[in-house]
Amino acid sequence: NMDLGVVMADGAGHILSMNAAALRLHGFRSSEEMFGALEQYGSEFEVRRPDGRIMPFEEWPLPRALRGDYVRDYEMLVRSRTSGREWTGAYTVVPLFDNSGEIVRIVLNIHDLTERKRAEEALRRSERLYRAVGESINYGVWVCDPDGRNTYASPSFLKLVGLTAEQCSNDGWFDALHPDDVDRTRLAWQ
């Protein structure tokens with residue numbers, strides 16, 4: 001019932017089992033749909049690095065674990081070639097050895113980052129739009145937190161009041177007010 005995807009493979013890389021979260025993430029309805037051989041798994045999915053470049057199969061976590069590597073929080077963008085389903089995951093893969101040093105099992109954990117990555121991208125788009133609007137209008141835009149500390153001042157605002165961004169930061173924007181208005185404005189803000 002946990003949200004963490006768990007995949008178990010044997011020492012040859014054959015997928016033995018997936019928990020419900022891993023099945024959902026990969027787009028499988030049941031364990032009968034999953035692939036047994038590593039090569040089948042490799043041909044089903046396209047994997048990219050976080051920067052969008054294709055990740056060669058030998059750099060995927062499972063092939064690396066077959067070489068004895070312990071892989072922790074390895075971020076990948078994955079797309080199923082069959083279903084078109086896409087997700088971003090942080091993969092941790094641990095090879096398990098027998099007494100003679102042979103890999104007998106591989107445990108792969110997948111933390112689904114898809115929603116978080118979507119939210120981060122939406123926030124970046126919103127920030128770019130917010131800044132573009134603030135920087136393109138001819139009148140000043142400034143934003144303060146509830147305590148009156150400036151968190152953003154558009155270039156047009158800074159030009160209008162004759163302050164630099166550094167001078168305007170925190171409560172420096174009060175310096176742009178007429179001296180007769182500073183105390184009254186500070187009190188009203190508080």
Side-chain angles (χ1 to χ4, degrees), residues 1-7 19-27 45-56 59-61 64 69-81 83-94 108-190:
N1 290 329
M2 63 183 167
D3 291 333
L4 181 71
V6 179
V7 178
N19 72 346
L23 289 170
R24 277 191 310 275
L25 192 61
H26 287 82
F45 298 99
E46 176 183 283
V47 176
R48 294 181 178 273
R49 293 180 173 90
D51 65 8
R53 293 180 296 137
I54 292 284
M55 182 181 293
E59 292 181 27
W60 293 15
R64 286 185 54 191
D69 292 348
Y70 173 85
V71 180
R72 182 174 174 85
D73 294 328
Y74 198 65
E75 190 173 311
M76 302 185 329
L77 309 165
V78 183
R79 185 182 66 80
S80 167
R81 289 187 172 104
S83 70
R85 187 177 186 319
E86 295 180 339
W87 70 91
T88 301
Y91 289 71
T92 296
V93 184
V94 179
L108 188 141
N109 295 322
I110 310 162
H111 181 79
D112 186 3
L113 304 176
T114 308
E115 290 306 313
R116 186 181 91 195
K117 292 294 182 178
R118 285 183 185 144
E120 288 171 356
E121 180 55 30
L123 184 60
R124 278 191 292 276
R125 281 194 309 271
S126 174
E127 174 71 12
R128 284 191 300 266
L129 176 61
Y130 166 73
R131 293 224 178 255
V133 169
E135 292 171 6
S136 65
I137 54 179
N138 290 331
Y139 52 91
V141 174
W142 56 271
V143 178
C144 291
D145 68 14
D147 294 325
R149 289 185 299 264
N150 181 257
T151 58
Y152 173 77
S154 69
S156 56
F157 176 80
L158 297 172
K159 184 178 178 182
L160 180 71
V161 298
L163 296 174
T164 66
E166 187 175 301
Q167 290 170 320
C168 189
S169 65
N170 293 318
D171 64 355
W173 62 272
F174 282 106
D175 294 341
L177 298 174
H178 188 279
D180 293 344
D181 295 329
V182 172
D183 291 338
R184 186 172 40 88
T185 302
R186 191 180 302 271
L187 183 63
W189 193 282
Q190 291 170 349

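Hydrogens, waters and symmetry mates are skipped; everything else that's a heavy atom, side chains included, is used.
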Flag, side chain of R81 to backbone of F45, donor-acceptor distance under 3.5 Å: yes
S126 side chain to L123 main-chain N or O, any donor-acceptor pair under 3.5 Å? no
Is it true that a side-chain atom of T88 and a backbone atom of L77 form a donor plus acceptor pair closer than 3.5 Å? no
Of all residues at least two apart in sequence or in a different chain, which pass the ring-ring contact (aromatic ring centres under 6.0 Å, His included) check with Y152? Y130
R118 backbone acceptor or donor facing E121 side chain under 3.5 Å: no
Please give me the minimum heavy-atom distance between S156 and G140, naming the atom from each residue. OG-CA, 3.8 Å
Residue set satisfying salt bridge (charged side-chain N to carboxylate O under 4.0 Å, His left out) with D3, at least two apart, ordered chain then number -> none
Counting N and O atoms only, with roles assigned by atom type, does the side chain of W60 sit under 3.5 Å from a partner on the main chain of M55, one being a donor and the other an acceptor? yes
Strictly distance-based, threshold 3.5 Å: is any side-chain N or O of N19 a donor or acceptor partner for the main-chain N or O of V6? yes
Could you pull out all residues at least two apart from P56 that satisfy side-chain contact (heavy atoms from CB on, under 4.5 Å)? R49, E58, E59
Using the ring centroid of each side chain, check whether H111 and Y91 are separated by less than 6.0 Å. no
Measure up the W189 and W142 rings against each other and bin them: parallel (under 30°), tilted (30 to 60°), perpendicular (over 60°). tilted
For V161 and A176, work out which heavy atoms get closest and say how close. CB-CB, 3.6 Å
Looking at L4, is its backbone amide N or carbonyl O close enough to the side chain of N109 to form a donor-acceptor pair, meaning the two atoms are under 3.5 Å apart? no
Heavy-atom pair with the smallest gap, counting every atom of C144 and W173: SG-NE1, 3.5 Å
